[in-house]
Amino acid sequence: MLRTIYLIISVFCLWGCSHPQLKHLDFKAWERTPDCCSASGKSVGVASGGTFSSKAGLEIAQLGGNVVDIAVATAFALAVERPHSLGLGGGGFLTLYLADEKPTTIFVDFRETAPAKANPTMFLGPKGNLISGLSRYGILSVATPGFVPGLFTIHQKWGKLPWKTILRPAIHLAQKGFPIYLSLAKAIEEEREHLLKEPYTASLLFNKRGLLKTGDTLIQEDLARTLERVSKNPSWEFKTGTTAKLIDRFVREKGGILSISDLAHYRPEFRAPINHRWKDFVFVTAPPPSAGGVIMTEMLQTLAKDDLSHLSETDYLHLLTEAMKRAYSDRSRFIGDPDFSHEDITSLLTAEYGASLRKTISLDQATPAKEISPGAGLPKMGDHTTHLSVMDAAGNGAAMTLTINDHFGSRLAVPGTGIFLNDEMDDFSAKIGAPNLFGLLGGKANQIEPQKRPASSMSPTLLIKNGKVILSVGAAGGSKITSNTFEVILNVLFRFPNDLKHSVFAPRIHHQWSPDELQVEAGFLPAVISGLKEKGHNLREVDKAAIVQATFVDPLGNITAVYDPRDEGGAEAK
Ligand code: GLY
């Protein structure tokens, strides 16, 4: 009976049943139309930040690949299609659930790691002042990449198709090229000054007529050759092979500290994900060094007793903002690499702590951020980056977020390889209490130490119901990754039930405690905006929220893949 009602509502409700606020979405600014960005099927769905990358994932599915094969192939294709967001010079996180093996939740951390020669004062001047830009631009900003060792290990453990088959679509894409799309063209234009400093880096993104522009074809011959070497020698190409030697030589010439020994010693870490039982679901998400899972679980606990389906839009956004402020405040103090930091995060995840935070929230009035301090009440304790989501009808799911941090990372490409090196050292607290690229403050838990991993916002998340993944979701967008991933989860469960497309499209907010401002995207009804102002929120309108990719299976077994209309992407399903 329920299924029939659901079917009737779905058939009659398509776009016509839109929530009133969605009528204000600015599709023109996104260069999209309302019918974009999704695909449906019965057996598999892939959503990612790349048109050709999602197609690469589907190609692997059609060859009989499992969710791990699909995710790894999509990730390598993304490294070609989004050189400004991720790549072989970066790293990432994977949250995985394999329903058809011994059902288990898995988290793999293949994040970049501080080189052995890194130290807490490496970005400070003689008077302890932060040297502007050093942690973001140039060779000292580079941490040891984990992309290739991470994905190879993941594939070895859980993949099904041969490794060479998995890399084939990425190699073809690099050789054949693809037309430059809007956000890539913008990233090249914005980073022009830095990219032009190094002749090899410049040669990758400029042709005889100058800077590559929308519609020009980007062919990456060196990257194709590097991928071919990785395809032949996956276990040592990034440790002692040709690519490792080229990276080592380049870093030494530039006066950096990353060495071939750092590359040879890099190991992905298998960590226990945060598994939080919540209503009928198990919410599986990223543990530290990501702050994502801690922040989202803390917010879930804070809002656990609120009726999120029936609150007015203004009250809902107000409550969410207040929960965000408190959780992001805790991020600043407690999150760091768990192999180094001794902060106990378990108390942050409890129902008691959530309830104690909820008591401090008034439904009428915003709390000024300066009145919130990390851990108060505790018993004691873009479109950089990109995301891909995969799921199948058997209930298996993968959520993977990948990054090189800033656009084009350190803005340095290693001659002969086509690889942009990350600037992930900026995700550490370069100086305690000083904001990083995303305005995030960090404490001692996230201070630079050799071979430590910097705190992250990346939040690849799965929602499991009755032993099957029903939602795979995550985002790109710095500190907004966590808040926006969380908003889409609440949307699909409470605000736009079972409707993934509207859940991803809907305008979003972000508050990260410091600075004390509520970022709001265009598209909210004017009455909602004035309601939030009346409650005392300090609003700042922003062009774009984080970029979310997701796949979802509805109660009828239809799998929907949706990429975010705010940026380039691809959604495929069959
Ligand atoms: N580099 C962005 C993050 O890991 O949060």
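In this text, all values refer to a predicted model and were calculated from it rather than measured experimentally. In each ligand, atom 1 is the first atom listed, and ligand 1 is the first ligand listed.
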Can you name the atoms of ligand 1, numbered from 1 with element, that are less than 4.0 Å from a heavy atom of Asn405?
1 (N), 2 (C)

Tell me yes or no: between the side chains of Ser457 and Arg331, is some donor less than 3.5 Å from an acceptor?
yes

Counting from 1, what ligand 1 atoms have a heavy atom of Thr403 closer than 4.0 Å?
1 (N)

Which protein heavy atom lies closest to atom 4 (O) of ligand 1, and at what distance to 0.1 Å?
Ser456 OG, 2.7 Å

Given side chains that start at C-beta, do those of Asp564 and Trp30 come closer than 4.5 Å, heavy atoms only?
no

Quick note on ligand 1: atoms under 4.0 Å from a heavy atom of Arg111 include exactly 4 (O)

Counting from 1, what ligand 1 atoms have a heavy atom of Glu424 closer than 4.0 Å?
1 (N), 2 (C), 4 (O)

Within ligand 1, which atoms have a heavy atom of Ser457 less than 4.0 Å away?
3 (C), 4 (O), 5 (O)

Which of these, Arg32, Arg82, Lys186, sits in a salt bridge (Lys or Arg N to Asp or Glu O under 4.0 Å) with Glu568?
Arg32

Atom 2 (C) of ligand 1 sits nearest the protein heavy atom Asp427 OD2, 3.3 Å

For the backbone of Arg111 and the side chain of Glu424, can you confirm whether one donor and one acceptor N or O come within less than 3.5 Å of each other?
no

Centroid-centroid under 6.0 Å between Tyr266 and Phe110 rings:
no

Does either side chain, that of Ser483 or that of Arg508, offer a donor lying less than 3.5 Å from an acceptor on the other one?
no

